[in-house]
Every structure is written in structure tokens, then in C-alpha cells.
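Written below as C-alpha cells is the structure these notes are about.
Residue numbers start from 1 in every chain, and the chains themselves are labelled A, B, ... in the order their sequence lines are given, proteins ahead of strands.
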Amino acid sequence: MTINWSDIEHKWRNKWDVESLHNTNIDNDKPKFFLTVAYPYPNSPQHIGHGRTYTLTDVYARYKRMLGFNVLFPMAFHYTGTPILAMTKRLAENDPELINAFQDVYNIPMSTIKELDEPIKIAQYFHNEIKQGMIEMGYSIDWRREFTTIDKAYSRFIEWQFKKLNSGGFITRGSHPVGWCPNDGNPVGQHDTLGDVEPDIGEYTIIKFTFEDAKLVTATLRPETIFGVTNLWINPEIEYVKISLNDEKWIVSRDSMNKFEHLVSDKSSLEIISGDSLIGKWTENPFTDMKIQLLPASFVDSKNGTGLVMSVPSHAPYDYQAIVDFTLNLDLLSKYPTIDTNNLVPIDVIKTEKYNNTPARQLVSELSIKNQDDPKLVEATKELYNLEFTSGKMLVIAGDYADLPAKTAKDKVKNDLIQMGIATKLYEIMNSPVICRCGTECVIKMFEDQWFIDYGMSDWKEKAHSSIDSMSLLPNEITVEFHNTIDWLHEKACARNSGLGTILPWDNDWIIESLSDSVIYMAYYTISRLIKEKNLDSSKLSEEFFDYVLLGIGECNSVANTTGIDKTTVDELRSEFLYFYPLDSRHSGRDLVPNHLTFFVFNHSAIFPKNHWPQQIVVNGSVLMDGKKMSKSFGNIIPLRQAVKTYGADPIRLGIMSAAELLQDADFSLELVKSFNERLNRIYTVVQEIKNAPDYDVNQANSIEKWMLSRLQRTINVTTDSMNKLRVRESLHHIIYLLDIDLLWYNRRTTISTEEKNSFLKYFFETRIKLLAPFAPYFSEEIWEILGHDKSITLETWPTSDDNLIDENTELSEELIKNTIEDINNILKVTKIQIQRICIYIPANWKWEIFLSALQKDSFNLKDLIETSLNNPDYSEFKKHIPKFCQSIFKEISNMDSYTKSRILKIGQLNENQILQELQSFYKLQNNIQVDLFSEDDSDLYDPKNRSIYSRPMRPAIFLE
RNA sequence: GCGGGGGUAGCCCAGCCCGGUCAAAGGCGUAGGAUUUAGGCUCCUAUCACUUAGGUGUUCGUGGGUUCAAAUCCCACCUCCCGCACCA
């Protein structure tokens, strides 16, 4: 009889539902436990990978419930954002890639896909899919509190959050560069580009060199090298233009002009200049006043930067090589006779340990670079840049900047140049061309007047640090990552101009983006149920309302009056919040540590008082499928609902939970799921056989039953310990595998009647099934019922160990038996002999005495041990065996850990004769082999090979024949 | 570059914080056996090498070091993975 998963899943889901087992209300008799998991973004159905975080949270919820907590586990859906928008567009365009994925991977019928023609429909469709999946997985969620982030009431809540942030001074406004698609009129991120390329935005410093009535505008990544400029580079082959800006005229390459278009004041005054005509002319370094000339170079790219390059031959391999090329090229020299090559001596600006002078020259020769068009120059440039950036120091020539690390000087010089009006910034896509999915090449756009949440504020950072320090983090190793994140976080753009979401309350052109409207919503769960049930009009949910309910500001009566919500409801809302807050545990994947989870900590510390800051964060790794990352292109995505249908929810839950410890990536495999299915079926079968057995009285336990009970208590202890740290893999390991191994041993060793054994097993499985209940809820309910209980196992309490049932003596005795069998097997293996008889020789008392006395000493040496033993008159007749024996136990004891020592000492001398007698029936039953036990000092000893003298405490001597 | 996490037997994965019970748990796989009409399931045995007496040797990325003792502590190196945002 095998388990029909679908049947029992329906049965129990229905029962949970009817009894509202997962709906949580205020209960002042119980401690509360409020936990949440990052709500899903409904742009695809869930797959196995998504299941990990949610399952873990549910396991924890169920565990905490069994510990007696009033557990609230709610769920909502995150509609905010732009990907669904993009998806709508792709569907409208019949994007084959997306449609294939929907059809082939997720089995969405074409007719349904056709209906998904609006963002909201897509969101609702997947919302429902995901929700069904969660229900089918058996998550113990209080669905009454469900909401979406575009619900009107939720939007009011987010408005309130932003008003709080704004009045608290956490919002700033400014400009920042973004990758931009000029066609779509939207910022582009990695998922918006062909090949999923992240636009790499680099910051050039633009340095202006005065030239006649205009400025020659160069772009550099290394402003600190301005002290080493010997000339400028012009590509004679390309066209330059003179453009009018506010009060300046700039000369830049024609191809780069579009980068400055927004700055150009007078579009009519454009003047085209050929590159060639500039060569040989003079300008001066605006910072050092040194006179320099304009030289020709072919490596200058008209599209890169401004198409003009300041030449620093000492530190830029390109520049160095171009000068070499020029001075060796007789044609050029004669073509531009006004150029004075004496001015082109490299000037060192930065020193490193690796190079003593003109590092570019050394590098060029090391790499045997031939000319300025040699591709190896890219590598050379990169290498020198990195070296000098990380370990370079400014030389005396840098004046005020001398001795500064190059890294520091870079920013200082840049800022000073800007301050002096000599320089400005230019942002550029360094890995261009980056192509938008629509086919247009992306550019950089300065996003003007963008709204930011300023995570860079130092006093706010301090609060966030202290919040992290005051909470529990699971696993603890993740702590440092949080602190690091807090340290390097700065302004985060918090609004966009497209997508679903809440409109920024003070600037209606903006929509609050998704990582900013998802940071304190846990608080909203506490009140969402009542808002829905009382059907509160969102217009009534004013700032004052939330101030009172969430922060206790103001006074109930006046809030009721001004909002028009009745007083008892306001009161109830406030109580509900106060009962459930703070959040006791927040769960998410580790990919959200550097963003969402840290924002969550920040925002709580900004808005809520300290006693409502989060208490715990739990972070888990991701899921691999048979060792590979899950992805549509590998075709290894398994939709969760489909998997539940095929394999059953509980085997999948166990498969996901047992695959890896918290922070590790879990290697999921269907093989594992199948093997769990088999194991559960085995338990199911056994339980069917023993269900009617009478209750077992543990106090009557004897022999191996006693041992099994002891093992069970230990399993309870270690499992509870692991559960508290959410080391679920370890817990399952003990509950499933190790306990099974013990059970197998028990079955081999037990001698009681079948009837008695069944009642013992019934007792055993009742406890074991409780340990399993958080992991495999459907199965556990079913077994629990079969065992004759009519209440849900959800309502049971987590087992605690009974210390009276822990029996060191029995455990040690059993170890002696196992070790002896192992020794016998070892001998058999080596000798490959067939035996009829086993002789076991138990050590004499004097050996135990010496052994125990040696154990008692903190430290001892062999010599003392032998001497004192030899001097003991009681042992005089064994004198000749003492040295050898001492030697053997010396080695054993000095390699023994303190736990084993103390265990043996606690119990003292074992009655080995009695214990090992068990082997007689054991071998009789198994192989019909006779076992004879002797004491080493027996007078009628049968010991043809003289083995008995080798016997040691806990290690009898053996003779086989 | 900055930050984080890994490298353990055929594979996956524990152990490392707190050194000794570690030739190293458990799972999977593989081989032999039992059961079965057969297969599956289940059970037993084996699974680094050598070994006709419970032993020995060599192993935990590499190389050093500390220690009576190192998978575990320290140092250096090699190597793989992930994040660095305005996007969920």
C-alpha cells in the first residue's frame, strides 16, 4: 500500500482550512511569533528554486507553533515594478523566446497567454498561480491578510512611509547618470539589454585646455596624471567641431558632440575643424601652465570620450608608444616641422614599488609592443592603471598632492580641477555598444532631479549597524555582510517614471520603485486583515491614521474623528499592531542581503522606535538543479505545482530542506525526492502494522528498548538544538537517516514479542512523527491520525527529551557489542576463514583497575604508569603482563577525547561478561555460530592461540575457529 | 578593484568556530549476497591501498609553520562561484 499524496494533501488542506488552523489572531495567553518571507513578484510561476525560502519559512512557522507560539505567517504579492511592463510588451510583440518559455516550461496554454495583454492581468494570473502553489505546498499561511502592493490601502501606507522618510530628512534629490535607451525613453538595466549586458558606466574627467578663443576638451580616467602631460593627441583623420556652450566654446570630435548636445546653447554657431589643421598648434596645461603642442595619433578614437586625449607618456602606454611612433616616423616629422620633440620627454608623476621610472616605457618593452595600434596596449594600460591606482604614490612634482596615494589624489585633483573651472565630469558607457532589447544603442543620460533615499547618511548608518547588532542573524556568518553593505550603501534612487506602484506623494510625476515600497510592509500585515474586513475606505487612511496605529502618535478619539473610522476599529488596529510587532523573523534568499534586507533594516530604524526593530533575519542560499544553475536555457526548471502533482509536496519539501545547510547552495535532485518518498512510504507501512498496538510503558523498557529510548532522547535534543539555529539539514539528518540506522539495529537486536515490540514502535513513531511534522505536514497529519489521534498534529507540542531515559550505561554497552562485532568482521575479512566458533576473552579486573586509574589522571606518562602498577602488591602475580598492557592503553588513552574519558569514568567498570553474552543469541540467530565467553583469568580457559592476554577494557580479545 | 562564500573519498554533502572518539557521518552510485516467478522495494556485506587476526601505509586544493597530536589553528599561494544597485 503506497501513499496517495494527492488524496492526503487534499484531505488535510481541507481540514486545516475548515478549522482555520493557520489564521492567527491576538491571543494574550500565548507568546506571539511573527515571521515573514519576501513576497513574490508575480511575473512567472514558482519553480523548485523559489520553493526553498518559502518552505524554510513554513518549516520554521510550524516548528514555532509546536513550541507553543501564536505564530503569524502572512503573505502578499509585489506588483510594483517594470519587468511586468516589459513582459506585456514582449507578449504583445509575440516574442518567441518568452512564449516558448511560458508554453514549454510552465505549460501555460496558448489561449491563456493570449489573454495576458495588460500588466495587471499578467500580475493577477501569476499571483494566482503562485498562491495555489503555496497552498499546495502546505504553507501554513494566514491568507486573510493577503494584499498586493498596488491595493489602494497599501498605497496609502506607502505614501505614509515616504512622508515619514521625507520629514525625517532621509530623502534627497539630485542627478545621476543612467544607461538610457533613447528610443524607449527609459533607463536600461541588465535585463533590458540584448545578451543581458549591464551597462558599465565610467566617469571621465573632462579637462579643458585653452586654445585661442576656445577650449580643447580632453577626457581622461586619470586626472591625477595632469602633472605629467607633455602634449595632446589629435587624430588628423577625423573631424572636430567647435560648439558653443553657455559662455565657452569647446572643441571636441564631431562624433562625440551628441554627448554635449543638452549643454549646447547656440546650435547655429557650429564650426567644423579638421583634425589635421590642429596638429602642431600650441596650448598650455591649465594646471601647471606648461606649454604643450598638439600631436597626431591614430589610436585616438573619435567616439571615445571627446576625441581628444591628454598625453601622459610616463604612465599611459598608449601615449608613450604614440610618441615613440611619432619620433621614429620621418614622414610625420617632416610633415609637421613645427613640432618640437624635445618637449616630449616623459614626466613621472606616480611611483610604485615595481617600477622606478617611466613605467609605461618599461611595460611597453616587457610586452614587446610594436606600435600604437598593437592590441596588447589595452592590457598594458589596464595593468598599469590598476597597479598605480592600488599602490601608487604621488611624487614631488605633484606639489600639494605629493606623497598621497594615487587613489586619494585622483579624487582630490579631480575635485580641485572642477572647483577651479578647469574640469567637469563626463559619464560614458565603458562596454559600449550596449544594445537595448528594442535594438537601439544605449547612451548615458543624466537623470535630473531624481529622488533618492539617502542611505549614505552616517548617523543613519550607525542606527542600522546597531539594529544589526541587536538582532539575531541566521546563520551568524552573514553578519559581516550586512555591516559591509551598510557601510557602502549610498543614495538609492527611489522613484521611477514608469511601472506599477504608488505615486510619490509630493511629486506626482514619480512612481515609488519596488525596492523602496517593500521595506516596512511587514507592519502592514498586522493591520491588513482588519482594513479588508472592515472595508475601510482608502481615503480615510491618512497620515494621522497610520501615525496613530503604527507609531502611537496622537490619540484614538481624534484619529477616529478626523478619519471617520470608528473608534473601536482604530483601537483594534492599534492593538493588533502592538501585539504582533516587532517582526520576529524575516526570511529571504541571500541575494537580497545587499539590497532589500539591508534597506529593510535601514527603514525600520528610520521610522520605528527601537522596540519595533526587527528581531531576526534568516538568510538561505539558492537552489541548483543536479549541480547546475537553474535556467530556462538549460531546460532544467521544474515548476513547483507540477512537481507537487508528480511527487507530492512532502517529498519535495524534504528534498529541498535536506539538500544543504542554510547558506550553501542546495543541490536539488529528483532522485532525492524519490528516495524520500520511499522512506515515507516505509514508515507509512510500518505504522499501519502497529497502529492498534497498546500503549507502551517506557518505564518497563529493558535491554535494547532502553537503548533505543536513549537514542531517541538524544535525537530530540540534537534536533531541537539544530532547529533553533534553523540547521534544517542537520535536523532531518537525525530524524530521518540516523534514527533509521538506530532502528535497524534495534530490529536486529530486539528479543521481545511482536506484540510488545509493536507497542514500543508505536511509542517510538509517535515521537518521531512529531519531529517530522514541521517538514512533512501532510504526511505527519496522516500518520498521526492513523495512530489514533483525532486532533491535528499542528496542535501538538514539540517533543522534549526525558533525561531519565538517557542511559549512558546501556549506550556504552551497546557500543561494546558493536565494536566487538566489528572486530570479528575485521578478522573475518582479513583471514577469509569460515568459522564455527567465536571465543571472546574478557579482561581481568586488574586491567580495568589500571585502565580506570589511568583515565582519571589529567596527564600521565607511560613510565610512571608501569612503575606504579608493578609496585602494587595486588598485581604481583600478573607482573609479566603489566608493561605490555600499559603500553597498549597508553596509546589508546592519549588519543582519547575528554568526552569519551568522562563517559567511561562516569560508568566505571562494565559488566562485560553479561553484555557480551548478547552476542551468543546474535550469532546463533544469524549464522548459527557458537559464541563462548571467557574471562582472561578463568582457570579452565580455552585459549589455544594465547589471545586472552591481549584483552583490554572495552576491547575483549577474540579467537575464531 | 571592493566585498562575500567555497575547494573533503566515484558524485552530493557533514565535520573546521571549540585540535585527539577521523580512513573521516549520512545520502546517492557501484559490486556481491538474501528475499522475489522476475523486476522494483526492502535487508545484509563491501566500496583509498596493502594485509590469512582485529594491523599498517597514504589521504581532506598546494606549500610551509605551530603542536605530543592538524581536515580542524597560523602564514603564503593556486583555483572556482556569487554580489557591486537604481533592477526584481
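- Across all strands shown, I741(A) has heavy atoms under 4.0 Å from sugar-phosphate atoms exclusively, and none from any base.
- Within the nucleic acid shown, Y899(A) has no heavy atom closer than 4.0 Å to any nucleic acid atom.
- R222(A) places its CZ atom 14 Å from the C1' atom of G1(B), with the value rounded to the nearest Å.
- The nearest whole Å value for the distance from the CD atom in E477(A) to the P atom in G3(B) is 19 Å.
- R727(A) comes within contact range of the sugar-phosphate backbone alone, with a heavy-atom separation under 4.0 Å but no base atom that close.
- Side-chain atoms of N43(A) and base atoms of A88(B) include no donor and acceptor less than 3.5 Å apart.
- Using a 4.0 Å heavy-atom criterion, one finds that E491(A) contacts the bases of the nucleic acid, with or without backbone contacts as well.
- Among the protein residues, A495(A) comes within range of no part of the nucleic acid, since none of its heavy atoms lies under 4.0 Å from any strand.
- Of all nucleotides listed (G27(B), A88(B), U45(B)), U45(B) comes nearest to the side chain of R748(A).
- Residue-level contact check: K891(A) touches the backbone only, with heavy atoms under 4.0 Å from sugar-phosphate atoms and none from bases.
- At the phosphate of U42(B), neither OP1 nor OP2 sits under 4.0 Å from any side-chain N or O atom of R679(A).
- In this structure C84(B) sits in a base pair with G1(B), meeting the Watson-Crick or G-U test at under 3.5 Å.
- Going from atom NZ of K945(A) over to atom P of U52(B) covers 14 Å, rounded to whole Å.
- Across all strands shown, C68(B) forms a Watson-Crick or G-U wobble pair, both distances under 3.5 Å, with G20(B).
- Heavy atoms of P956(A) sit under 4.0 angstrom from at least one base atom.
- For the pair R586(A) (side chain) and I617(A) (backbone), a donor-acceptor distance under 3.5 Å is absent.
- When rounded to the nearest whole Å, the span between CG of L592(A) and P of C84(B) equals 11 Å.
- In this entry C43(B) has G33(B) as its Watson-Crick or G-U wobble partner, both defining distances falling under 3.5 Å.
- Residue N825(A) places none of its side-chain N or O atoms closer than 4.0 Å to OP1 or OP2 of U45(B).
- Distance, E671(A) CD to C28(B) P: 10 Å, rounded to whole Å.
- At a cut-off of 3.5 angstrom, the base of G54(B) holds at least one donor-acceptor pair with the side chain of D823(A).
- The shortest distance between the side-chain N/O atoms of T831(A) and the OP1/OP2 oxygens of A53(B) is not below 4.0 Å.
- Using a 30° and 60° split on the angle between ring planes, H78(A) and Y41(A) fall in the perpendicular class, above 60°.
- Using a 4.0 Å heavy-atom cutoff across all strands shown, E661(A) reaches sugar-phosphate atoms only and no base atom.
- Within 4.0 Å of N484(A), counting heavy atoms only, lie sugar-phosphate atoms of the nucleic acid but no base atom.
- Residues meeting the salt bridge (charged side-chain N to carboxylate O under 4.0 Å, His left out) test with K829(A), sequence neighbours left out: none.
- The aromatic rings of Y39(A) and Y521(A) lie parallel to each other, with less than 30° between the two planes, well short of the 60° mark.
- Note on D667(A): only backbone sugar-phosphate atoms sit closer than 4.0 angstrom, heavy atoms only; bases stay farther off.
- Ion pairing of K818(A) with E815(A) is absent here, as no side-chain N (NZ or NE/NH1/NH2) approaches a carboxylate O to less than 4.0 Å.
- Here R729(A) lies in heavy-atom contact (under 4.0 Å) with a base.
- L744(A) comes within 4.0 angstrom of sugar-phosphate atoms only, judged by non-hydrogen atoms across all strands, and of no base.
- Judged by distance alone, the side chains of S622(A) and D665(A) do bring a donor and an acceptor atom under 3.5 Å apart.
- Atom NE2 in H490(A) sits roughly 12 Å away from atom P in C84(B) (whole-Å rounding).
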